[in-house]
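Accompanying notes for the structure given below.
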There are 2 protein chains.
Amino acid sequence: MNPDLRQIRAFVTVAQLGSFTRAASLLNVSQPALTVQIRNLEEALGVRLFDRNTRTVSLTRMGREFVPALQRILRDLDAIVAEARDVAALRHGIVRLAALPSFASGVLPEIIAQFREANPKISFVIHDVIASGVVAQIREEQVDLGLTGGRIVDPDFEVLHTTQDHMHVVYPVGHSFGDMEQVDVEALTLHPLILMHPATSVRSVVDAAFLAAGRLPIVAAEATYMSTAVGMVRAGLGAAILPGSAMEVRAEQTLRSRPVDDRRFTREISIIKKAERTLPPASESFAHTLIQTLQTA
Amino acid sequence: MNPDLRQIRAFVTVAQLGSFTRAASLLNVSQPALTVQIRNLEEALGVRLFDRNTRTVSLTRMGREFVPALQRILRDLDAIVAEARDVAALRHGIVRLAALPSFASGVLPEIIAQFREANPKISFVIHDVIASGVVAQIREEQVDLGLTGGRIVDPDFEVLHTTQDHMHVVYPVGHSFGDMEQVDVEALTLHPLILMHPATSVRSVVDAAFLAAGRLPIVAAEATYMSTAVGMVRAGLGAAILPGSAMEVRAEQTLRSRPVDDRRFTREISIIKKAERTLPPASESFAHTLIQTLQTA
DNA sequence: CAGGATTCATAACCTCAGCCTATTACTGTG
DNA sequence: CACAGTAATAGGCTGAGGTTATGAATCCTG
């Protein structure tokens with residue numbers, strides 16, 4: 001028969017205390033139970049571990065040699081168990097998350113900060129990549145949670161939540177957009193615009209909206225990063241069309257923003273994970289607060 | 001509840017094989033048993049380890065993180081168990097032995113060589129010390145087995161075997177001892193003798209024997225090491241009185257030896273160990289062959 | 001030195017953890 | 001769409017291991 005963890009715990013405890021009786025009370029078992037456990041362990045190893053008579057207990061040479069190694073095993077195992085329970089209790093852990101840059105730089109930091117206030121030992125790994133990157137990273141399990149645009153149909157993924165991300169127009173103080181009753185497609189086509197680079201999901205939404213309306217925008221410039229686009233607006237190159245999720249970037253006195261008055265200027269945002277995959281507790285919990293925050297906002 | 005070794009083995013095996021059914025057959029349990037073990041482990045850790053549906057099993061991220069650590073624990077433990085069983089089966093081990101120099105250099109090497117032929121992986125640690133040193137080293141448990149002279153009365157020690165060590169006289173070819181019918185006390189007192197140093201157990205036996213016979217020897221020289229005494233004999237300083245156990249030192253063409261014809265010139269040799277102490281298997285086994293060899297010789 | 005106290009070992013009994021068989025439920029595949 | 005293969009569940013049973021009671025040996029104390 002092979003040794004058992006209880007037998008090993010019994011052995012180490014008796015070795016430390018030098019007494020079956022005291023070890024038994026420490027381990028919350030009866031003294032005869034300990035006697036049997038030690039005997040079974042000795043039989044399993046084929047080696048006598050204690051020299052004992054009715055009054056005294058002492059390790060044999062072999063027993064003495066095994067104590068440290070077995071102690072280490074118990075310590076290691078206990079550490080693993082404690083780690084697992086810490087992770088389960090959100091006492092620590094890592095949230096791995098891929099998100100579109102608009103979110104990563106926009107609403108996400110705030111939500112993370114709020115979450116970490118409640119769970120300070122949880123750390124985050126954020127990959128800010130384009131939409132196709134988000135999907136790829138989840139498929140390869142680089143990341144557990146994804147925040148991406150567009151509708152997900154692939155059954156390999158599970159959509160935890162969907163929300164709308166409406167486009168805003170960002171313009172300098174004094175721009176005529178500020179005076180208009182409503183800024184619709186028509187209004188947008190009258191002014192030079194700063195659009196995101198064609199490879200971005202924001203741009204494809206914008207292009208699709210103009211196309212559906214049968215209009216063509218005046219493209220003054222294209223930017224890969226939203227902060228670049230904002231800089232161009234500040235420089236007077238035109239007005240930018242940026243997603244509402246990223247509106248934090250326009251926190252500048254000289255700029256204004258307002259939603260585009262056309263519901264086609266909307267993209268769908270999904271929180272996704274791999275289908276049939278349980279999230280680590282930390283990610284699971286974060287996904288919940290993320291969903292709730294997006295719903296109430 | 002705390003995890004169990006069987007649960008951990010089950011987990012690691014399922015993780016490696018990616019299948020409950022195959023893991024079950026490898027572990028010689030039924031598949032439902034494994035299902036339950038994994039569930040219990042997950043409950044104990046508070047963490048889901050596998051994502052499983054009826055067709056496929058795969059590790060969760062947490063599960064994947066725990067596999068190597070748990071594997072290491074199993075490997076370590078298995079190594080300890082194997083080590084213990086090796087020791088028990090005399091596949092290896094160390095015999096720690098303190099012996100009088102006369103034995104250590106005399107009969108002992110031969111007996112050890114013979115023992116190691118049968119158990120080649122057993123190694124020896126020999127402390128060759130004077131009689132009081134043998135006793136002290138056993139008391140302090142520096143050593144498990146002792147080979148010493150004199151009668152042991154201390155109940156802290158257990159005498160495994162006792163044998164007689166008779167004194168021999170060693171003399172050069174041509175010495176008149178060679179022509180005598182018998183070399184008794186009387187004969188010894190007629191010639192200059194080389195005796196061992198007074199601190200040795202051999203000398204105390206010799207002194208006691210002369211005293212009991214009411215005779216005084218002519219002491220030509222004293223030596224601490226028996227090889228020195230033999231050298232003195234070779235140089236013609238006289239005849240030496242040495243124990244039979246050390247007769248191997250006289251393997252020289254120019255010397256002869258014969259037993260002293262007086263049974264008082266005998267010391268008692270004891271194989272001892274600490275009382276109430278089980279010997280390690282290797283020492284236990286060696287003690288047996290030692291006793292048998294001394295009995296048949 | 002006798003007897004009480006303490007400690008480990010043994011015995012007898014009992015309970016429930018955990019295994020097995022049988023069956024269900026589900027899913028991927030041809 | 002049916003079948004084959006896999007994990008989960010249910011129910012019944014067995015034995016490992018626990019408890020209490022008692023024995024045996026040793027140490028301590030008056």
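What you see is a predicted model; the values in this text were computed from it and never measured.
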Open item on the list: So, OP1 or OP2 of dA7(D): does either fall under 4.0 Å of a side-chain N or O from Ser19(B)?
Closed with: yes
Between [X] and [Y] (side chain of the first, backbone of the second, donor and acceptor by atom type, cut-off under 3.5 Å), is there such a pair?
{"X": "Ser285(A)", "Y": "Ala282(A)", "answer": "no"}
{"X": "Asp51(A)", "Y": "Thr278(B)", "answer": "yes"}
{"X": "Thr289(B)", "Y": "Phe286(B)", "answer": "yes"}

Open item on the list: Distance criterion of 3.5 Å, no angle test: do you see the side chain of Thr54(B) paired donor-to-acceptor with the base of dC26(C)?
Closed with: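 Such a pair exists between side chain and base.
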TODO: Establish whether the base of dT6(C) is bridged to the side chain of Arg55(A) by a donor-acceptor pair shorter than 3.5 Å.
DONE: yes
[N] [atom2] sits how many Å from [X] [atom1], rounded?
{"X": "Ile38(B)", "N": "dG18(C)", "atom1": "CD1", "atom2": "P", "result": "14 Å"}
{"X": "Arg52(A)", "N": "dA24(D)", "atom1": "CZ", "atom2": "P", "result": "19 Å"}
{"X": "Glu43(B)", "N": "dG18(C)", "atom1": "CD", "atom2": "P", "result": "12 Å"}
{"X": "Leu17(A)", "N": "dC8(C)", "atom1": "CG", "atom2": "P", "result": "11 Å"}
{"X": "Leu27(B)", "N": "dC20(C)", "atom1": "CG", "atom2": "C1'", "result": "16 Å"}
{"X": "Asn53(A)", "N": "dA25(D)", "atom1": "CG", "atom2": "P", "result": "11 Å"}
{"X": "Leu34(A)", "N": "dA9(C)", "atom1": "CG", "atom2": "C1'", "result": "13 Å"}
{"X": "Arg9(B)", "N": "dC19(C)", "atom1": "CZ", "atom2": "C1'", "result": "18 Å"}

Quick one: which protein N/O atoms are closer than 3.5 Å to N/O atoms of nucleotides 9-17 of chain D? Pair and distance per line, please.
unit_1, atom_1, unit_2, atom_2, d
dT9(D), OP2, Arg39(B), NH1, 2.8

Open item on the list: For Phe66(B) and Phe11(B), I'd like to know if the aromatic rings sit close, meaning centre-to-centre distance below 6.0 Å.
Closed with: no
- [ ] Quickly, which of Leu5(B), Asp4(B), Asn2(B), Leu77(B) forms a side chain to side chain contact (heavy atoms under 4.5 Å, CB included) with Leu5(A)? Name it, please.
- [x] Leu5(B)
Task: Qualifying residue for side chain to side chain contact (heavy atoms under 4.5 Å, CB included) with Ser132(A), from Val129(A), Val134(A), Ile130(A) - done: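 Output: one option passes, namely Ile130(A).
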Open item on the list: Please compare Val29(A) and Thr56(A) by the position of their nearest nucleotide in DNA chain D and report the one closer to 5'.
Closed with: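 Its nucleotide being nearer the 5' end, the pick is Val29(A).
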Task: Check: Arg96(A)/Ser283(A) side-chain N/O donor and acceptor closer than 3.5 Å - done: no
TODO: Could you work out which one of dT20(D), dT6(D), dC20(C) sits closest to the side chain of Thr21(B)?
DONE: dT6(D)
